[in-house]
Amino acid sequence: MSDAITHDTDGVYDAYRSTDRLREAFTSGELPVSVYGLGKMGLPLAAVFADVTGNVRGVDIDPTVVDAINDGTCHVKREPGLPSLVERTVANEALGATTDPRDAAREGTIHVIIVPTPITDDNEPDLSILDTVVEDIGRGLEAGDLVLVECTVPPRTTIDRIVPRLEGSSDLTRGEFGVAVCPERTSSGRALEDIRGAYPKVVGGIDEETTRVAAAIYDTINDTGVIPVADATTAEAVKVFEGVYRDVNIALANELATFTDELGIDVREAIDVANTQPYCDIHDPGPGVGGHCIPFYPYFLIDPFETDAPLLETARGVNDSMPGFTVEKLREGLEVIGRTLTDATVLVLGLTYRPGVEEIQASPSLTIAERLSQAGSEVYGVDPMLESAEEFALELITLEDSYERTFDGVILVTPHEEFETIRWSTLASDDRTVVIDGRDSIESAVLESAAQRVYTIGGGHNV
Ligand SMILES: NC(=O)C1=CN([C@@H]2O[C@H](COP(=O)(O)OP(=O)(O)OC[C@H]3O[C@@H](n4cnc5c(N)ncnc54)[C@H](O)[C@@H]3O)[C@@H](O)[C@H]2O)C=CC1
Ligand SMILES: CC(=O)N[C@@H]1[C@@H](OP(=O)(O)OP(=O)(O)OC[C@H]2O[C@@H](n3ccc(=O)[nH]c3=O)[C@H](O)[C@@H]2O)O[C@H](C(=O)O)[C@@H](O)[C@@H]1O
């Protein structure tokens, strides 16, 4: 009996009775892959698909991204192994990029969607980019094609929004093509390691055939294996649940950190020791929660559904209060030495949302700089990942520049590795300088030698 299910499609959905034969077709490049979105997650993903199949075309609206990739260069910073993988897969024509989705949609058999799914200023999911890409794909969709949704979306998006749009922009109906939700569970800075299998790949299809086909595909990519779940909505929920778990647990750590002064203890020490119990996993307190993921995902449940989510909303409120808490600690520290924020010169160290990642969305430093400026402070910022910082209410300078200036306050928000060698005796030479260590990242030895007043969020102050 032929391995291929006998009908007229040469696609992948409902096209191979034998999963082994399907995997063989995939790894031999017989099934062209189109990847939509070539950013921090999309480029590593496209490069891995290209390494496995030899036949990937990436789509991105940003021509500088597309040109860089076609030159064999990697525009995503600090991803170990990615520059060489991009260079190799482009050189052997396994990977190419375009700004025009039409050819990719027409020629692709497998369509991987990994574009931004942000929220609006009103904290509503903004799926406009996703809608555009889905319609682009629909216009080129053929019977037997498979669509893989890797970007994070509110539960029910695939079944209520993506499938109807694919049907509406193609002349097909569900059952002629497959759609599976295979959420990207990767962290910047370790993308290739995560994609290749730091943990299992979750796969949930709109029908059993889709789940089978998508699982076979990711089995060839993920060394740890695949967890097939009941359906697309379950897979969407897995990803959102991971994210809201993190936001709520960071909020717990942050709320505990605000008890530091009244308890008169190092809350971070109490957290570390509490976490020696296997069922306790209190996260790290800090100056806020940034990025376009963790602070956004709670709204993928809070907004679209009638069910109340008071815990998610409260956690968002706690985390969003931390930039203000940080500025208040500086105000209190200055007050002790008779100064105010109004005439203070303040340096903010670290503007991206976390170390080593070139992303500023929802970064705590945005709010911290805004609050300081509103209070009348003169604000400067240092971030080795950024060439410009016009979104921030501050003047971007280099670390070397900062040694030439005198600051009344220094707030360490995002501890990039470059900050490990800061000359604090120079940066905060004036013993009146107040330092707020947002991440408990300034070595205590350094602090002991520093005369200035230091307040560590969750750790208390040294003088
Ligand atoms: N950054 C992360 O740590 C993770 C992100 N995700 C999810 O992955 C998705 C993408 O995130 P990132 O890669 O970080 O975003 P990113 O902002 O780094 O990259 C997005 C890319 O998509 C491109 N793009 C925008 N509109 C497009 C369109 N209409 N067609 C084609 N390309 C378009 C942009 O030019 C950009 O290059 C999001 O849904 C996010 O929730 C999931 C796991 C981890
Ligand atoms: C559940 C989970 O761990 N999700 C990861 C997360 O990665 P992301 O790049 O957003 O970084 P993150 O470490 O969660 O940090 C987000 C923000 O929260 C802050 N943060 C993080 C952990 C913590 O204990 N305390 C804290 O304040 C960070 O400083 C940062 O501002 O979100 C990614 C995503 O979905 O985009 C996801 O793939 C990653 O696995």
Salt bridge (Lys or Arg N to Asp or Glu O under 4.0 Å) between D131 and R165, worked out:
CA-CA 8 Å; D131 290 344; R165 272 179 169 74; 3.5 Å; yes
Let's go through D100 and T98 carefully: what are the C-alpha distance in whole Å and the side-chain angles of both, what is the deciding distance for side-chain hydrogen bond (donor to acceptor under 3.5 Å, both in side chains) to 0.1 Å, and is it a yes or a no?
CA-CA 5 Å; D100 181 351; T98 175; 5.6 Å; no
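Rounded to the nearest 0.5 angstrom, D383 CG and H416 NE2 are separated by 3.0 Å. Interatomic distance, CG of D303 versus CD of E313, reported as 10.0 Å (0.5 Å rounding). Note that CD1 of I302 is 12.0 Å distant from CD of E124, once rounded to the nearest 0.5 Å. Here the CG atom belonging to N92 is positioned 11.0 Å from the CD atom belonging to E87, to the nearest 0.5 angstrom.
Using modelled atom types and a 3.5 Å distance limit, the side chains of T340 and E335 yield no donor-acceptor pair. Using a 3.5 Å distance cut-off with no hydrogens or angles, the side chains of D261 and Y455 do pair a donor with an acceptor. In the model, T398 has no side-chain atom that pairs as donor or acceptor with a side-chain atom of E400 under 3.5 Å. Donor-acceptor pairing under 3.5 Å is lacking for the side chains of T53 and N55. Defined by atom type and a distance below 3.5 Å, a donor-acceptor pair is missing between the side-chain atoms of R185 and Y199. A side-chain donor-acceptor contact under 3.5 Å links N254 and N319.
Panel note: side chain K329, backbone G438; no donor-acceptor pair is recorded below 3.5 Å. At distances below 3.5 Å, at least one donor-acceptor pair connects side-chain atoms of N275 with backbone N or O atoms of I282. The closest donor-acceptor contact from the side chain of D194 to the backbone of A198 lies at 3.5 Å or more, if one exists at all. Of the possible polar contacts, one joining the D266 side chain to the R268 backbone as a donor-acceptor pair under 3.5 Å is found. Looking only at distances, no side-chain donor or acceptor of H292 sits under 3.5 Å from a matching main-chain atom of Q361. The main-chain N or O of A191 is found under 3.5 Å from a side-chain atom of E79 such that the two form a donor-acceptor pair.
Heavy atoms only, all atoms of each residue included: N222 and P200 are closest at ND2-C, 3.8 Å.
The shortest distance between side-chain heavy atoms of T326 and P364 does not fall below 4.5 Å.
Aromatic ring pairs are classed by plane angle as parallel below 30°, tilted from 30° to 60° and perpendicular above 60°; the pair F300 and Y297 is tilted.
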